[in-house]
Amino acid sequence: MRVRSEILLIAATVAFLNPFVGRAGGQTSGSPSRPQRPPAARAQRESELVERMKATRAGFEKLLAAYEEQFRSQSAELARRRKLYDNGEVSRSFVIAAERDVADTRAHIIEVQQWIFEDDLVLEEALAREEILRSPALALGGYAESKTLIRFNGGAKWSLADSSKIEKFFFGRFARALPVSARGQTSAHTRMGFDHHDAMDVAVHPDSDEGRALMEYLRQAGIPFIAFRGRMAGSATGAHIHVGKPSFRTASQ
């Protein structure tokens with residue numbers, strides 16, 4: 001009961017910090033447009049959003065730890081009940097109830113892990129945004145590389161409807177599915193005010209064999225991309241390749 005109470009308390013805190021914690025598909029309707037904020041006010045707003053998102057992510061970490069503790073406790077209880085059942089001391093329904101508890105908690109763990117993963121990717125893009133804005137604009141077909149970013153301004157007409165071609169290439173090359181971490185708009189992108197409706201994030205490091213092969217394919221196909229090498233402290237999942245045009249702020253941000 002103590003672990004369950006901790007989980008409920010942490011979940012309530014995360015929900016307060018993050019109104020999108022329900023994550024029902026991550027889709028939201030567009031907000032009415034409003035005048036652009038002055039640069040100073042916009043920078044302050046962006047800083048506040050990043051800090052709030054970091055706080056939400058920290059809450060997810062605590063929630064994950066609580067679920068993992070609950071999972072260990074429930075797994076031990078399941079083992080105990082199975083032993084009792086094998087000895088003929090309890091009914092099968094007693095074991096089934098424990099199995100259901102373990103399965104439910106495992107599902108929660110996977111869900112929260114996905115939330116953390118999504119937030120890491122979007123935070124990486126948010127932290128790199130200023131570098132992109134400071135960098136010279138790329139001409140059509142232009143390519144630029146730094147210690148943290150690789151950019152390509154391809155001229156192909158790209159949309160998410162074309163993603164199957166990339167998936168087919170990747171599977172044919174590496175015999176596994178393309179590790180898509182975000183397809184279109186997600187709640188994490190919405191919270192940061194990023195327009196990601198026609199973009200796709202792929203969870204591969206740009207300096208890996210898979211990352212280099214994917215970027216070479218995208219360049220040959222003329223598909224624009226930004227590759228993030230990952231620089232967020234405490235995160236190992238920030239590195240990824242964003243396929244499509246940069247997902248900068250929506251008009252309402």
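Since we're looking at a predicted model, the values are computed, not measured.
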Q: May I ask you to say whether Arg229 pairs ionically with Asp207, meaning some side-chain N is under 4.0 Å from a carboxylate O?
A: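 Salt bridge present between Arg229 and Asp207.
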Q | Ion pair check, Glu167 and Arg183, cut-off under 4.0 Å | A |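 Answer for the salt bridge query: yes.
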Do the side chains of [Y] and [X] get nearer than 4.5 Å, heavy atoms only?
X	Y	value
Phe171	Leu178	no
Gln185	Asp195	yes
Gln74	Leu78	no
Ile166	Ile223	yes
Thr105	Glu68	no
Glu61	Ile116	yes

Closest non-hydrogen atom pair between [X] and [Y], with its separation:
X	Y	answer
Ser164	Ala161	OG-O, 4.1 Å
Ile241	Ala227	CG1-CB, 4.0 Å
Val102	Ser75	CG2-N, 3.9 Å

Gap between atom [atom2] of [Y] and atom [atom1] of [X] - 0.5 Å precision:
X	Y	atom1	atom2	result
Ser181	Asp201	OG	CG	4.5 Å
Leu140	Asn153	CG	CG	5.5 Å
Ser208	Met215	OG	CE	8.0 Å
Phe169	Gln220	CZ	CD	8.0 Å
Asp101	Gln70	CG	CD	8.0 Å
Glu111	Leu64	CD	CG	11.5 Å

Q: Give the intermediate values and the outcome of salt bridge (charged side-chain N to carboxylate O under 4.0 Å, His left out) for residues Glu77 and Arg81.
A: CA-CA 6 Å; Glu77 175 63 15; Arg81 293 190 185 191; 2.8 Å; yes
Q | Criterion ring-ring contact (aromatic ring centres under 6.0 Å, His included) against His108, the qualifying member of Tyr67, Phe71, Trp115 | A |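 Of all the options given, the one that passes is Tyr67.
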Q) Which residue, Arg173, His205, Arg176, forms the side chain to side chain donor-acceptor pair (under 3.5 Å) with Glu210? A)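 The residue from Arg173, His205, Arg176 that satisfies side chain to side chain donor-acceptor pair (under 3.5 Å) with Glu210 turns out to be Arg176.
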Same cluster (ILVMFWY, side-chain, under 4.5 Å), [X] and [Y]:
X	Y	value
Tyr217	Met200	yes
Ile96	Tyr85	no
Leu138	Leu218	no
Val180	Phe228	no

Q) In terms of the angle between their ring planes, are Phe225 and Phe152 parallel, tilted or perpendicular, with boundaries placed at 30° and 60°? A)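 Geometry flag for Phe152 against Phe225: tilted rings.
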Q: Indicate yes or no for a side-chain donor-acceptor contact from Trp158 to the backbone of Ser163 under 3.5 Å, with no hydrogens or angles considered.
A: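 Judged by distance alone, no pair lies under 3.5 Å.
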Q.
Quick check on the 6.0 Å ring-centre criterion: do His197 and His189 meet it?
A.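 Distance test on ring centres: not under 6.0 Å, no.
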Q: Please list all pairs passing the salt bridge (charged side-chain N to carboxylate O under 4.0 Å, His left out) test where one or both residues lie in residues 151-163, with sequence neighbours left out.
A: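 Every pair satisfying salt bridge (charged side-chain N to carboxylate O under 4.0 Å, His left out) with a residue in residues 151-163: there are none.
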Q) Can you pull the salt bridge (charged side-chain N to carboxylate O under 4.0 Å, His left out) pairs that have at least one residue in residues 83-99, sequence neighbours excluded? A)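 As it turns out, the salt bridge (charged side-chain N to carboxylate O under 4.0 Å, His left out) pairs with a partner in residues 83-99, which skip direct neighbours, are Arg82-Glu99, Arg92-Glu99.
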Q. With distance as the sole criterion, is a donor-acceptor pair present between the side chains of Asp120 and His240 under 3.5 Å?
A.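 His240 and Asp120 do not have a side-chain donor-acceptor pair below 3.5 Å.
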**Q.** For Phe174, ring-ring contact (aromatic ring centres under 6.0 Å, His included) partners two or more places apart
**A.**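 Partners of Phe174 by the ring-ring contact (aromatic ring centres under 6.0 Å, His included) criterion, ordered by chain and then number, come out as Phe170.
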Q | Identified side-chain contact (heavy atoms from CB on, under 4.5 Å) counterpart of Pro206 within the set Leu214, Ile226, Ile150, Leu149 | A |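 When Leu214, Ile226, Ile150, Leu149 are each tested with Pro206, the side-chain contact (heavy atoms from CB on, under 4.5 Å) holds only for Ile150.
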